[in-house]
Amino acid sequence: MNIELKNLKEKLGESEEKFKIISSKIPVGIFIIQDNVVKYANNPIAKLLGYSVKEILKWSKNEFYKIFLPQDKPVIIERSKKIMRTGRDFIKYYIEQIITKSGKIKWVEIYTNFVIYNRKKALLVIFIELTKKKRAELRLVKSGKKLQERIKKLNAIFKVSNILDKPNISLDELIYKILGVIPSGFQYPKLISTRIIYRDKEYKLIIFKETGWKITSKIEIADQLMILEVFYLEDRPFLEEEQKLLKDIGKRLKFRIEQNIAEEKLKRSEEKYRETLDLLPSIVFEIDQNLNFVYINKSGFEKFGYSNEEFKDGLNFSKFLSIKDRTRALTYINSSFKRKNLTSKEYLMEKKGGSKFWARIHIRRIYKGGELIGLGGVIIDITSQKRAQEKRNRQIQMVNRKMKELFSSLKIEIKPSISNQEKSSLILFLMDWHDKMGPYLKDYFPKEHKFPFPINDIGFQLYNAISSIYGQAYITEAQGILLNIENIKMDGYIFFDALPDPNFRGKERPYMLGIIAPKINYIDSLKFRDVLHEISQKIKNNENWENEYYWKKILAVLSS
């Protein structure tokens with residue numbers, strides 16, 4: 001640019017007309033100022049300022065300076081005077097802002113030099129527009145500052161996150177550490193003073209000063225208001241990014257505190273839950289996927305004879321299963337991680353000293369965060385019920401034997417209860433119970449035979465008969481009864497029981513197995529009672545039972 005300015009000056013010296021021709025063709029704005037009046041202006045300068053050349057040449061003395069910003073005008077006038085006063089041949093370069101005719105602000109690069117125009121001293125001024133370049137530079141600077149502030153914020157958030165992720169840290173320590181980190185995210189960290197007010201307690205560092213230059217963020221945490229305050233020690237502006245940073249820190253702190261509160265409540269709840277479980281007479285336990293005990297209540301310690309320390313050292317569920325039932329029990333328990341329906345099962349269990357007891361085990365799956373982590377359940381000692389059942393079975397067998405001996409001694413010929421023609425009239429059926437609809441026919445055999453009466457109606461009739469005899473509330477243990485069904489001129493043997501169901505009233509759902517035949521005598525009922533008991537055990541264990549197979553077993557009793 002200096003070379004071009006010298007060339008223009010040389011042309012001006014050679015011929016003013018020649019200068020005007022050349023200057024009108026170059027893409028830079030040119031002024032010639034003489035006696036503080038514009039003597040010459042080319043088209044590019046007119047276009048730059050938004051005036052016509054004629055308008056510019058009509059400007060009065062010193063009016064030329066109106067294109068500069070008011071605050072810059074005194075410096076520019078003094079500059080021009082100095083050049084004219086010294087008359088030295090040197091080029092002066094500077095960057096300024098100018099005002100166009102429409103009031104628009106533009107950035108220009110200005111070159112000035114002393115010249116002789118019409119044989120008098122004059123000032124040659126060249127303007128090159130820099131608006132686009134200058135705006136790009138300002139955007140770059142602004143973007144750089146934003147990036148710096150963004151990096152500061154991210155660094156501060158990273159430090160806060162590291163503090164919040166620390167386990168086993170007290171609330172006071174947590175807040176004081178965050179107070180120390182907050183200044184690092186601000187423009188002037190050395191001029192920052194911070195404070196947090198929570199639960200009527202004021203948290204602040206040793207060096208703290210409250211001033212009028214502050215920003216505040218308020219966060220509600222579990223019905224308590226937390227106030228985060230940042231003060232500048234001297235008058236400095238807060239950036240929007242800094243306000244966002246303070247809010248972000250407050251939200252993260254809120255999440256951690258609420259998490260701590262929830263964990264504390266859960267801990268208290270679990271402690272209370274464990275205390276309640278310790279009061280239960282039944283054994284409550286939890287095992288992991290390897291069947292190792294995770295928890296067992298006080299009744300478990302007492303029943304199995306192991307101490308809490310022994311359980312903590314590691315005991316496996318298989319250790320408590322009798323060798324007789326171990327394989328069967330472990331097969332079921334391991335399958336419980338995948339089985340759709342879980343039911344209670346009866347197994348022989350073993351104590352520390354080797355003594356055994358019968359138990360009914362109810363199992364449920366345990367999930368954490370949607371992931372299956374183990375099994376939980378209840379173990380109920382049913383030894384007394386088992387012994388009572390065994391005693392009843394022995395009594396039945398004894399009565400059966402006595403009856404056979406009696407008939408044998410009396411030389412009474414025992415005829416089959418049903419003939420070959422009546423075999424198709426034998427019905428084996430299962431009535432289940434719906435908590436809202438009541439008893440309903442769930443299964444029966446033979447299905448291909450057409451009976452002269454609705455089986456569902458007869459089953460419903462028999463179910464109600466049993467309820468009227470024993471009462472609905474007492475149909476919970478296996479019992480059998482022989483009845484005469486007068487309205488269809490047939491006999492019926494009814495065997496009813498119940499299985500655990502947490503969704504049912506009383507936590508047990510009753511069901512009824514039934515046999516209908518033209519004739520059933522007492523001896524017959526003693527013989528096939530065990531058959532029905534076997535079916536019932538399969539129902540309780542959620543196992544499939546083949547109704548045709550058992551129908552044939554009952555038929556064999558009645559027809560022999």
>> Just so I know, are the side chains of N42 and V53 near enough to count as touching, which here means a heavy-atom distance under 4.5 Å?
In response: no
ask   = If you count the non-hydrogen atoms of other residues, nucleotides and ligands that lie under 6.0 Å from CD1 in I105, is the total more than 12?
value = yes
What I'd like to find out is whether the side chain of I296 reaches to under 4.5 Å of the side chain of F304, using heavy atoms alone.
yes
Smallest heavy-atom separation, I219 atom then K251 atom, equals CD1-N, 4.2 Å
Report task. Dump the intermediate steps for salt bridge (charged side-chain N to carboxylate O under 4.0 Å, His left out) on K101 and E55, then the final yes or no. Result -> CA-CA 11 Å; K101 184 179 180 179; E55 286 178 305; 2.9 Å; yes
dist I45:CD1 -> I98:CD1 (nearest 0.5 Å) comes out at 6.0 Å
Worksheet item: Do NZ/NE/NH1/NH2 and the carboxylate oxygens of K166 and E173 come within less than 4.0 Å?
Response: no
Check: Checking S282 side chain against I380 main chain: does a donor-acceptor pair fall under 3.5 Å?
Finding: no
Any chance CD of E202 has more than 12 other-residue heavy atoms, nucleotides or ligands included, within less than 6.0 Å?
-> yes
Rounded to the nearest 0.5 angstrom, the CD1-CD1 distance for I175 and I196 is 5.5 Å
Is the shortest side-chain heavy-atom distance between L245 and I182 below 4.5 Å? no
Rounded to the nearest 0.5 angstrom, the CG-CG distance for N316 and D288 is 8.0 Å
Closer than 4.0 angstrom, basic N to acidic O: yes or no for K218 and E220?
no
| Would the number of heavy atoms belonging to other residues, nucleotides or ligands and lying under 6.0 Å from NZ of K66 be above 12? | yes
### Query
Can you tell me if S536 and Y511 form a side-chain donor-acceptor pair at under 3.5 Å?
yes
Scanning both residues in full, the closest heavy-atom pair of S193 with K209 reads OG-N, 3.0 Å
Distance col, row K214:NZ vs Y232:OH, nearest 0.5 angstrom, shows 15.5 Å
Original post:
Is there a side-chain contact between I77 and N62 (heavy atoms, below 4.5 Å)?
Top reply: no
The reported gap from OH in Y65 to CD1 in I76 (rounded to nearest 0.5 angstrom) is 8.5 Å
message: Within the supplied structure, the quantity of interest is the number of heavy atoms (other residues, nucleotides, ligands) at a distance under 6.0 Å from E258 CD; does it exceed 12?
response: yes
Between T100 and L48, the two heavy atoms sitting closest are CG2-O, 3.6 Å
Kindly assign one of parallel, tilted or perpendicular to the pair F293 and F317, based on the angle between their ring planes and the thresholds 30° and 60°.
tilted
Can you confirm whether K386 sits close enough to E346 that some side-chain heavy atom of one is under 4.5 Å from a side-chain heavy atom of the other?
yes
Which word best sums up how the rings of F64 and F31 line up, parallel for under 30°, tilted for 30 to 60°, or perpendicular for over 60°?
perpendicular
Check: With a cut-off of 6.0 Å (strictly less than), are more than 12 heavy atoms of other residues, nucleotides or ligands near CD of E371?
Finding: no
Here the gap from Q97 atom CD to F68 atom CZ, rounded to the nearest 0.5 Å, amounts to 11.5 Å
Check your understanding: Looking at side-chain heavy atoms only, is the closest gap between I333 and I287 below 4.5 Å?
Key -> yes
Residues S170 and D172: side-chain donor-acceptor under 3.5 angstrom: no
* Presence of salt bridge, R328 and D325, under 4.0 angstrom -> yes
- N297 side chain to V284 main-chain N or O, any donor-acceptor pair under 3.5 Å? yes
Nearest heavy-atom contact between L315 and K319 is CD2-CD, 3.8 Å
Indicate yes or no: does K538 engage E534 in a salt bridge with an N to O separation below 4.0 Å.
-> no
Q) In this structure, are over 12 heavy atoms from other groups packed under 6.0 Å from K254 atom NZ? A) yes
**Prompt:** Are any of the side-chain nitrogens in E242 or R236 under 4.0 Å away from the carboxylate oxygens of its partner?
**Reply:** no
Pair E240-K244, salt bridge (charged side-chain N to carboxylate O under 4.0 Å, His left out): steps then yes or no: CA-CA 6 Å; E240 183 181 350; K244 289 180 181 178; 3.7 Å; yes
- Message: Does any part of the side chain of N260, heavy atoms only, come nearer than 4.5 Å to the side chain of R256, both counted from C-beta?
- Response: yes
G376 and I366 have their tightest heavy-atom pair at N-CD1, 3.5 Å
Test side-chain contact (heavy atoms from CB on, under 4.5 Å), reference L228, set I178, L246, L179, output is L246
*Are I283 and F320 side-chain neighbours, meaning at least one heavy-atom pair lies under 4.5 Å?*
no
F231 meets the ring pair (Phe, Tyr, Trp, His ring centres under 6.0 Å) criterion, sequence neighbours left out, with F208
Original post:
More than 12 heavy atoms of other residues, nucleotides or ligands under 6.0 Å from CG of D165: is that the case?
Top reply: yes
Taking every heavy atom of V108 against every heavy atom of L130, the minimum-distance pair comes out as C-CD1, 3.9 Å
message: Strictly below 4.0 Å, N to O, side chains only: are E310 and K352 in salt-bridge contact?
response: yes
- Query: Take atom NZ in K73; do more than 12 heavy atoms of anything else shown fall under 6.0 Å from it?
  - Reply: yes
